[in-house]
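Have a look at the structure below before the remarks.
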There are 2 protein chains.
Amino acid sequence: MELENLLKQKGLKITDQRKAIVKVLKECGCMLSAREIFDKVKKIIPGVNFSTIYRNLDLMSQKGILCGLMVDTGVSLYGLRSEEGHHHHFVCKGCGRSLAIDYCPMGLLEKELAKKGFSHTEHQFVVYGFCGSCGTSGGVKAKSY
Amino acid sequence: MELENLLKQKGLKITDQRKAIVKVLKECGCMLSAREIFDKVKKIIPGVNFSTIYRNLDLMSQKGILCGLMVDTGVSLYGLRSEEGHHHHFVCKGCGRSLAIDYCPMGLLEKELAKKGFSHTEHQFVVYGFCGSCGTSGGVKAKSY
DNA sequence: ATACTTGCAAAGTATTTGCACGACG
DNA sequence: CGTCGTGCAAATACTTTGCAAGTAT
């Protein structure tokens, strides 16, 4: 019911595909890649198309229903927009799961940037590491930036 | 001369391609995408191949000679590793140029994460906006994450 | 000499687009 | 019933890989 209103309010139609995407993200509780979302939605709607997933992830991010995040491998992760508003993420290199971080570093920086004549529109803060279950063990795929 | 020693020290051979990549980045003074670097290096060495650029950008990032950064459009930017060490970036959505930011938010966060059982290996902090020359004017391409 | 590098070509991965049919409101 | 959304197929963008020939040390 929640979602129905949210979509309507944003001028988006209520479709099975959109409901399935949100359901999948809600059940998972963490951020997922478009591919992972696609795979899970396919179990609910076997005929879904990849482009439908992409279009809706983009659209719902624009409308503020979801939030997206580009990790350092060049893959986008999507999750439900948390009710508490603005936040950042910790991404586990072991299991790939991500977790919200409430802390935001922009406050301190905004003034500094303004002094230099820079205006700030968006920012991105992502912490990579290993979660409790994954230990410091088997991480592999991070680029050595 | 600088670079020659640096490469040697890291076990990398001194090639025209590597020298050209570093020259281009030094002259530009800001971070560039692989494509931009390729285009500029081609003016020095007309026959360079794209894969050579990619391989060297990766390699020199691993060796700590360059540093890389994934922006929210999924493109990697590369720049010379600044002598001052660890830093982050401001990326202008008008002209695409990037600038080092000395501030790092991890200090405060590290302990908090440790309490929750998370270990931290890398992090990413990128601020998007407009630089003095670009004003608040014509930016377009940012995703609405 | 020999291990590292390069150019070339081809493949891989992530995402986007145009179009005609179908469905929500 | 008009507008928005979907499936399909093809295209695009960025990056990676295998291999044989070339080059730095």
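All values derive from a computational prediction rather than experimental measurement. Labels below follow one simple rule: chain letters A, B, ... track the order of the sequence lines, proteins then strands, and each chain is numbered from 1. Side chains included, hydrogens not; waters and symmetry mates left out as well; all remaining heavy atoms used.
Identified under the salt bridge (Lys or Arg N to Asp or Glu O under 4.0 Å) test for residues 40-56 of chain A, with sequence neighbours left out: none. Residue pairs satisfying the ring pair (Phe, Tyr, Trp, His ring centres under 6.0 Å) criterion with at least one member in residues 6-45 of chain B, sequence neighbours excluded, are listed as follows: B:Phe38-B:Phe50.
Taking the C1' atoms of five terminal pairs at each end of the helix from C:dA1-D:dT25 to C:dG25-D:dC1, the two resulting helix axes are inclined by 40°, rounded to 10°.
A distance of 5.5 Å separates CG in B:Leu25 from CG in B:Leu32, rounded to the nearest 0.5 Å. From A:Leu66, atom CG reaches atom OH of A:Tyr78 across 9.0 Å, with rounding to the nearest 0.5 Å.
Counting to the nearest Å, the P atom of C:dT15 and the CG atom of A:Leu69 are 12 Å from each other. Between the P atom of C:dT17 and the CZ atom of A:Arg55 lies a distance of 10 Å, rounded to the nearest Å. If you measure from atom CG of B:Leu57 to atom P of D:dC14, you get 14 Å, rounded to the nearest angstrom. Residue B:Gln9 contributes atom CD, which lies 15 Å from atom P of D:dT25 at whole-angstrom precision. Remark: P of C:dG25 and CD of A:Glu4 are 9 Å apart, rounded to the nearest angstrom. A:Tyr78 has its OH atom 6 Å from the P atom of C:dT15, to the nearest Å. What separates CG of A:Asp58 from C1' of D:dT6 is a distance of 16 Å, to the nearest Å. Between B:Asp72 atom CG and C:dT15 atom P there is a gap of 13 Å when expressed in whole angstrom units.
Partners of B:Thr15 according to the side-chain hydrogen bond (donor to acceptor under 3.5 Å, both in side chains) rule, which considers only residues two or more places apart in sequence or in another chain, do not exist here. Evaluation of the side-chain hydrogen bond (donor to acceptor under 3.5 Å, both in side chains) rule for A:Thr52 yields no partner, not counting sequence neighbours. The side-chain hydrogen bond (donor to acceptor under 3.5 Å, both in side chains) check on A:Tyr54 picks up nothing, with sequence neighbours excluded. Taking A:Lys19 as the reference, A:Asp16 meet the salt bridge (charged side-chain N to carboxylate O under 4.0 Å, His left out) condition, with sequence neighbours excluded. Scored by the salt bridge (charged side-chain N to carboxylate O under 4.0 Å, His left out) test, A:Lys23 finds A:Glu27 as partners (sequence neighbours excluded). With sequence neighbours excluded, the residues that form a side-chain hydrogen bond (donor to acceptor under 3.5 Å, both in side chains) with B:His123 are B:His86, B:His88, B:His120.
Of the possible donor and acceptor atoms, none in the side chain of A:Tyr128 sits under 3.5 Å from a partner among the backbone N and O of B:Gln124.
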Please list, pair by pair, any protein nitrogen or oxygen found under 3.5 Å from a nitrogen or oxygen in nucleotides 22-24 of chain D.
unit_1	atom_1	unit_2	atom_2	d
D:dA24	N3	B:Lys13	NZ	3.4

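A close approach under 4.0 Å does not occur between any side-chain nitrogen or oxygen of A:Gln17 and OP1 or OP2 of C:dA23.
Only A:Gly47, A:Val48, A:Asn49, A:Ser51, A:Thr52, listed by number, bring a heavy atom of residues 21-54 of chain A to less than 4.0 angstrom from any atom of DNA chain D.
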